[in-house]
Number of protein chains: 2
Amino acid sequence: MPTISDVARAAGVSMSTVSYVLSGRRPISAETSARVRAAIAELGYHPHAGARALASSRTSVLALVVPLRADVNVPVIMQFVTAVVTAARRYHHDVLLLTKDEGTAGLERVAGATMVDALIVMDVEGDDVRIPALGRLKQPSVLIGLPDDPAGIACVDLDFAATARECLTHLAGHGHRRVALVGPSPSVYERGTTYAQRFLDGFTDASAELGLETVAHSCEPGADGVRDCLAWIDSEQPGTTALLVHNEDALVPLLDELRARGRSVPGDLSIVAVCPRDVATSLPVKLTSADIPAHDVGTLAVETAMALLEGRKAPGTRLLPPTIIERDSCGPLS
Amino acid sequence: MPTISDVARAAGVSMSTVSYVLSGRRPISAETSARVRAAIAELGYHPHAGARALASSRTSVLALVVPLRADVNVPVIMQFVTAVVTAARRYHHDVLLLTKDEGTAGLERVAGATMVDALIVMDVEGDDVRIPALGRLKQPSVLIGLPDDPAGIACVDLDFAATARECLTHLAGHGHRRVALVGPSPSVYERGTTYAQRFLDGFTDASAELGLETVAHSCEPGADGVRDCLAWIDSEQPGTTALLVHNEDALVPLLDELRARGRSVPGDLSIVAVCPRDVATSLPVKLTSADIPAHDVGTLAVETAMALLEGRKAPGTRLLPPTIIERDSCGPLS
DNA sequence: AGTGATCGTCGAAGCGCTTCGACGATTGGG
DNA sequence: CCCAATCGTCGAAGCGCTTCGACGATCACT
């Protein structure tokens, strides 16, 4: 492995000149620069990441903390991950993957060892113990999600309250007056994952504003969970004409069950789903949906982290506005 | 941030003694060791990863290259990823996540910069251009999958040929003589992902050995793909009594379609699926399946990498034996 | 009692890089 | 035409750690 001094020797310049060619932090003449670059290519030189980190106290690595749990749709998680990795690469950064189950210790380990420049944390809970820990680190961090008290940490997420509102408005616009919310698994609420609560709050508020009759219920995973949830809705609010489904994994069994009961979509029942595009379009009925912009949120999280690293931009909370995409699952009230 | 010399001063020893306490590479008296540990805890000392990497040329980081493509089931990919991360942590290593779309350049970048000690590469193709590139690196690597020519690189995977054989044997044991293979998306075959081909080869061989009548067909994603595939099978081999499904994403639309046609499982048609446990058990019919042991494969990949790093064990190919789990989708021929 | 080993510790070299200060050579403005 | 600012480059000082060689002390055998 050639070092920077091999390159310097080959190009007939000093080490520092090579360094400045690479970093652009001082002006270097075009000829020198060209000679250095030629030497670099010739020798196949790669700067040693550890040495660079030691000398500059910058690592060009971002930590990303992902949940392991299965109660949130796995492909959605993966979309966040790939968005973060892809965006990080555009800023010449790599991504170190941590799992949520390491908890606070994992954050402190990678931050304390100066393995990363910044941290991005997914699946934060309302009263997440990791938030005070993040505050103590010398690296900046960005949350994907919105805890009760961000304590000055930057947050990025979809505006779930506004999303619920938009969905209800859409349904109301089609004449629906009785709507039920099929929520995530109860474990998501219990865990204090705030997106579920924010969606529910938005749902409740908008329901009142629009003068709708609504009920809401969580939905256990699996076909049984869906059946129970539908049964609950039928008994609690008979005559429901539309479902707002905030649960990707319930969608398949839900459509199955409705077909089994002979209830057509959107003829007998309208559905609006909250899910990524690809999920909405891969089902037997193309679902009218509020998009989960995992790609945008992940990208924005990286951009926020970069802004923080460059010292610009006060951290704050960025909630992306919802996008409703009309497809085939939402009809007028018959 | 305290450094090792702060710790040394606080404990009244030399830097090297602190280092030896931490690494255990030289004997240190119990009292000294205790004093050093106390100082470390007191000061909240964390060794600087870059400095350590520079001095020792070891990073305690593994690279993991994941596919971005959607033609292979995303939750399965995620299972590999979490298995690798979890196993790596047991060996005090972290995981740097790369995406396949960076190709050879990504490998060379992280390896050239000495960011990682070893690389684990998922979704390798038959004639994968990354294999020669991996061979040129100074770090060892492990493939999850089996290329045409591993060129001396260690490989870990499920034995897909044996899996196909076991599945057919299972079906034959239930009296089935006409079986159809519902394969992955054509793009998986075209891309040269060998697991699909190995499964098909095992299927073909076992079919001959067992004297079965069989056909095989790839299956495009979505409900339409499934319908086309079923239509092809019906016309090509009427009287097929069992399906061997090597395509997680086809499972849901397949069961839908069969129900729509009024064909009961396993009454009219038996199914054996190749998929992870949780997929097999989350469908309306609990599927008899050959397990995709993503967790085991990921773990084994990490263990192989560690063995390589420690210089023990000649690299080679480890194919895990299949496990068939009987559930409710496979019945006797009626 | 003599002699290797081994134990327990220290000091120093060096890993490969960034960055600061210095310095001669150019510029540009007044 | 002079002075200050800028350009282009060099040398050296670290960044925080591991590891090698050295050395006195202890130990286990003869």
Side-chain angles (χ1 to χ4, degrees), chain A residues 1-37 39-40 43-61 92 109-117 138 309, chain B residues 1-37 39-40 43-61 92 109-117 138 309:
Chain A
M1 289 275 103
T3 72
I4 197 172
S5 69
D6 296 326
V7 174
R9 197 173 320 115
V13 298
S14 71
M15 277 169 53
S16 46
T17 298
V18 175
S19 179
Y20 287 125
V21 167
L22 255 21
S23 70
R25 297 175 99 79
R26 284 204 182 168
I28 297 288
S29 72
E31 308 88 86
T32 305
S33 180
R35 248 185 309 133
V36 169
R37 285 179 201 290
I40 286 173
L43 297 174
Y45 166 73
H46 287 273
H48 186 291
R52 185 174 275 215
L54 180 57
S56 68
S57 20
R58 273 177 274 105
T59 63
S60 294
V61 176
H92 306 295
R109 181 167 50 77
V110 299
T114 323
M115 297 181 78
V116 301
D117 291 339
K138 61 178 195 298
L309 285 176
Chain B
M1 288 275 102
T3 72
I4 197 172
S5 68
D6 296 326
V7 174
R9 196 171 324 115
V13 298
S14 70
M15 279 169 52
S16 46
T17 299
V18 176
S19 179
Y20 288 124
V21 167
L22 255 22
S23 70
R25 298 175 98 79
R26 284 206 182 166
I28 297 288
S29 72
E31 308 88 87
T32 304
S33 178
R35 247 184 311 132
V36 168
R37 285 178 201 292
I40 287 174
L43 298 174
Y45 166 73
H46 288 272
H48 186 292
R52 184 173 274 206
L54 180 56
S56 67
S57 12
R58 274 177 272 106
T59 63
S60 294
V61 176
H92 305 293
R109 180 168 51 77
V110 300
T114 323
M115 297 181 78
V116 301
D117 291 339
K138 62 178 195 300
L309 285 176

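Letters A, B, ... are given to chains in the order of the sequence lines, protein chains preceding strands, and every chain is numbered from 1.
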Subject >> Atom pair CD1/CG of A:Ile40 and A:Leu22 - distance to nearest 0.5 Å >> reply: 4.5 Å
Original post:
A:Pro47 and A:Arg52: which non-hydrogen atoms are nearest, and at how many Å?
Top reply: CG-NH2, 3.1 Å
Original post:
Base, sugar-phosphate, or nothing for A:Pro47, non-hydrogen atoms under 4.0 angstrom?
Top reply: sugar-phosphate
Subject >> Minimum heavy-atom distance between B:Thr59 and B:Ala53, given as atom pair plus value >> reply: CG2-CB, 4.2 Å
**OP:** Just call it for A:Thr32: base, sugar-phosphate, or nothing, with non-hydrogen atoms closer than 4.0 Å on any strand.
**Re:** sugar-phosphate
**OP:** Applying side chain to side chain contact (heavy atoms under 4.5 Å, CB included), run through A:Leu309 and A:Arg58 and close with a yes or a no.
**Re:** CA-CA 10 Å; A:Leu309 285 176; A:Arg58 273 177 274 105; over 6 Å; no
Original post:
What are the two closest heavy atoms between A:Leu54 and B:Ala51, and how far apart are they?
Top reply: CD1-CB, 3.7 Å
Original post:
Could you walk me through whether A:Val21 and A:Val18 pass the side chain to side chain contact (heavy atoms under 4.5 Å, CB included) check?
Top reply: CA-CA 5 Å; A:Val21 167; A:Val18 175; 5.6 Å; no
**OP:** Please name the pair of heavy atoms, one in A:Met115 and one in A:Val61, separated by the smallest distance, quoted to 0.1 Å.
**Re:** O-CB, 3.5 Å
Original post:
Mind checking which nucleotides bracket the chain B contacts on DNA chain D, 5' to 3', with an atom under 4.0 Å from a heavy atom?
Top reply: D:dG16 to D:dA22
Subject >> Along DNA chain D (nearest heavy atom to each residue), the more 5'-positioned of A:Glu31 and B:Ala55 >> reply: A:Glu31
Residues 9-17 of chain B, side-chain donor-acceptor partners within the protein, below 3.5 Å, at least two apart:
{"residue": "B:Ser14", "atom": "OG", "partner": "B:Ser16", "partner atom": "OG", "Å": "3.0"}
{"residue": "B:Ser14", "atom": "OG", "partner": "B:Thr17", "partner atom": "N", "Å": "3.4"}
{"residue": "B:Ser14", "atom": "OG", "partner": "B:Thr17", "partner atom": "OG1", "Å": "3.1"}

**OP:** Scan residues 13-21 of chain A against DNA chain C and write down, sorted by residue number, each residue with any heavy atom closer than 4.0 Å; if none is found, say none.
**Re:** A:Met15, A:Ser16, A:Ser19, A:Tyr20
**OP:** Report the residue (B:Arg26 or B:Ser56) whose heavy-atom-nearest nucleotide on DNA chain C is the more 5′ of the two.
**Re:** B:Arg26
